[in-house]
2 protein chains.
Amino acid sequence: MILHILVNLNQPCGFPPVSNRLLIPADRLRDSLASALAASGACPTSVEAAVRALMHASRLGVDSHGARLVMHYDRVLRSGRVNGQPQIRVKHTGTSTAVVDGDDGLGHHVAYAAMTEAIAIARETGVGAVGAIRSSHYGAAGAYALAAAEAGMIGFATTNADSVVAPFDGAKSFHGTNPLAFAAPSGDEKPWLLDMATSSIPMNRVLLYRTLGTTLPEGVAAAAGGTVTRDAAAAEMLLPLGGSDFGFKGAALAGVATVLSAVLQGTALDHDMIPMIGGDMSSPRNMGHFFLAIDPARFGGREVFAAGMAAYLAALRAVPGRDGAEILAPGDREWRVEAERLRDGIPIDLTTAEFLGLSAYSAGEPEAPRR
Amino acid sequence: MILHILVNLNQPCGFPPVSNRLLIPADRLRDSLASALAASGACPTSVEAAVRALMHASRLGVDSHGARLVMHYDRVLRSGRVNGQPQIRVKHTGTSTAVVDGDDGLGHHVAYAAMTEAIAIARETGVGAVGAIRSSHYGAAGAYALAAAEAGMIGFATTNADSVVAPFDGAKSFHGTNPLAFAAPSGDEKPWLLDMATSSIPMNRVLLYRTLGTTLPEGVAAAAGGTVTRDAAAAEMLLPLGGSDFGFKGAALAGVATVLSAVLQGTALDHDMIPMIGGDMSSPRNMGHFFLAIDPARFGGREVFAAGMAAYLAALRAVPGRDGAEILAPGDREWRVEAERLRDGIPIDLTTAEFLGLSAYSAGEPEAPRR
């Protein structure tokens, strides 16, 4: 069962870059994505939100959730699964809580609306907790946690997803790769940013190993029947973070995503959810999400928080590394990738480039970036 | 550097039970703990809170954080590190936030006060976020998450702790074992309960392996200089959850605990914190914690949540196991241990039993439990 066919080439996994990619300037890519999604039938606000989230992922190197997903969104906007013209409603359910009804729109639109509400509530009351219902795939969870950090808040975003990860000791997939994303403002620096799947690796990484014919790391995937395997060709499901010995922790963290995103909202559970890819591509998936914003001003105070983040991150980065390794804080790698890509262009595979009308880009357009 | 000298004998680690333990009825143990802590100088409310948290851990099999810690608390109450007569103050900092000043009291007293406040706020506004400052070691984080679940809320509790875990690729310890604890009411069943260190194993597990002369699991500990080792005698620090390949995730989760518990509160960072054991035993440690309560009534509703938890947990437990393994939900193992221990008695090591005046217990007191 292969649910994710998009290969993430840019996460740190020890493989050389693939040559058949074009480097597209960020502005040009953004405009092309916007044009494509408008042509797919998305309203201007949905286009703006989806492009913001896709560009977040593409800039920071999370290519599995970046520009190449535009073809998927085009498909589901046209098939009826996703409503390009949603009437998104915010229902205030308590002084510090709200539920956003996404009207089956693009998940990015729903998610930014929900986190915007969480931030506004947190500014008033110190903390805002917002659920989303009737949503769809929202891309990288980190985009929404980051939105909170950019507004001066500690942000948390999570979602459940369709089954591809076995429970601890399980012989069949149950949870999705269920991300947990946290972000916090860090004074003058780029925000502290964590966006992690609760499996060790994503399914698309398995597919990359399969393509390259190399052996998987220990304890990350299982074959039919749940047998742990390092053979990428045999892998049918992922194992939770922690592997064969400690995967009960990763499985429980996947459950945190499910409890907050689906059980709390009354939306589709992972194992009941229509798969992202394969099967019914035209019915809405009724995905739920959960967002939290916390205002540092209501605890130690904004200045104490900024000084504390600076001291914490400086101390972390100053820890001596094993065999001379550099110690990175969450987000450090992503912000470096962003700087490189804003300078050199964003790598896009040929299929996506063709879909976006950018396939002639390397042939010498005036604004073509350095290769 | 050995920070935790108390060996957890009852977590699932494949070792046979150790014979030199007494089985004490829960009520008797509770009364003995209360008497001991009162004699150590703790006020009645501090005694009640500490006994509740210690009994939570001892009942559920988290023995590293159970009754045997009473000797540690006795020592720090007498040495002046911990204030037995704290004036605990709740400062409301926003409609949905508060900060609890623990006045250097026992962490359990501070933590229950903070979670009680978070629950009360959540009942009014939908979500409550409460920080704690000037606190001390609070035992098992799960005790406080569970308090929220018992009040009908989704609960989250975390704390940072003194350095014993290397960062990813690090050659020196930096974070504490920084737990993340979540709990949620589950209808008629015992609450869903997750209480996990963000390292793969606790330091006391390493010490158990050392005592038994057995080899550590892969990727859980490192020797001096950060070299990953399976030699328990050589281990000087732990590795974050995820091990040599994916420990960047566990390290980032440890950071979530530090950011919420210390940076947000302006309290001691892990690497600056006075160690729990060893060194200065008489100065307050200025520990911070963080607590969150979320009311399901403000999202899908209490009935939807209860039905959703029942459906989710039933589906999880029904997943076929690898090689016939039983699939457990978070908390299932702990609630079974509790049932066994309420029936058979709670295992206490001889040193703790002697401290509590229970060492003659197995010699045939009238109420002695079945062995």
Among [options], who wins on heavy-atom pairs under 4.5 Å with chain A?
| options | result |
| --- | --- |
| B:Gly126, B:Gly288, B:Ala252 | B:Ala252 |
| B:Leu292, B:Leu264, B:Leu194 | B:Leu264 |
| B:Gly300, B:Ala166, B:Ala307, B:Ala329 | B:Gly300 |
| B:Gly226, B:Gly331, B:Gly250 | B:Gly226 |
| B:Val220, B:Ile327, B:Val256, B:Thr227 | B:Val256 |
| B:Pro296, B:Ser200, B:Gly225, B:Ala325 | B:Ser200 |

For [X], is it the side chain, the backbone, both, or neither that has a heavy atom closer than 4.5 Å to a heavy atom of chain A?
| X | answer |
| --- | --- |
| B:Val319 | side chain |
| B:Val99 | side chain |
| B:Val130 | backbone |
| B:Pro320 | both |

In terms of heavy-atom proximity below 4.5 Å to chain B, should [X] be classed as side chain, backbone, both, or neither?
| X | result |
| --- | --- |
| A:Val127 | both |
| A:Leu260 | side chain |
| A:Ala122 | neither |
| A:Leu269 | side chain |
| A:Ile133 | neither |
| A:Val259 | both |
| A:Asp169 | both |
| A:Ser186 | neither |
| A:Phe174 | side chain |
| A:Thr258 | side chain |

Considering non-hydrogen atoms only, spot the tightest contact between [X] and [Y] and give its length.
| X | Y | value |
| --- | --- | --- |
| B:Gly308 | A:Val263 | C-CG1, 3.6 Å |
| A:Lys249 | B:Ala197 | NZ-O, 3.0 Å |
| B:Val304 | A:Gly266 | CG1-CA, 3.7 Å |
| B:Thr93 | A:Arg298 | OG1-O, 2.7 Å |

Out of curiosity, [X] [atom1] to [Y] [atom2], how far, rounded to the nearest 0.5 Å?
| X | Y | atom1 | atom2 | answer |
| --- | --- | --- | --- | --- |
| B:Thr95 | A:Glu124 | OG1 | CD | 8.0 Å |
| B:Leu253 | A:Leu253 | CG | CG | 6.0 Å |
| B:Asp295 | A:Ser96 | CG | OG | 12.0 Å |
| B:Phe246 | A:Met196 | CZ | CE | 12.0 Å |

side-chain hydrogen bond (donor to acceptor under 3.5 Å, both in side chains) contacts in which one or both residues fall within residues 308-326 of chain A, not counting sequence neighbours: A:Glu189-A:Arg317, A:Tyr312-B:His175, A:Arg317-A:Asp332, A:Glu326-A:Arg336
For chain B, the option from A:Trp192, A:Phe168, A:Phe299 that forms the most heavy-atom pairs under 4.5 Å: A:Phe299
Option in A:Pro330, A:Ala222, A:Gly242, A:Pro167 with maximal non-hydrogen atom pairs under 4.5 Å from chain B: A:Pro167
Side-chain heavy atoms of B:Phe248 within contact of A:Leu328, under 4.5 Å: no
Residues in ring-ring contact (aromatic ring centres under 6.0 Å, His included) contact with A:Phe156, at least two apart in sequence or another chain: A:Phe182
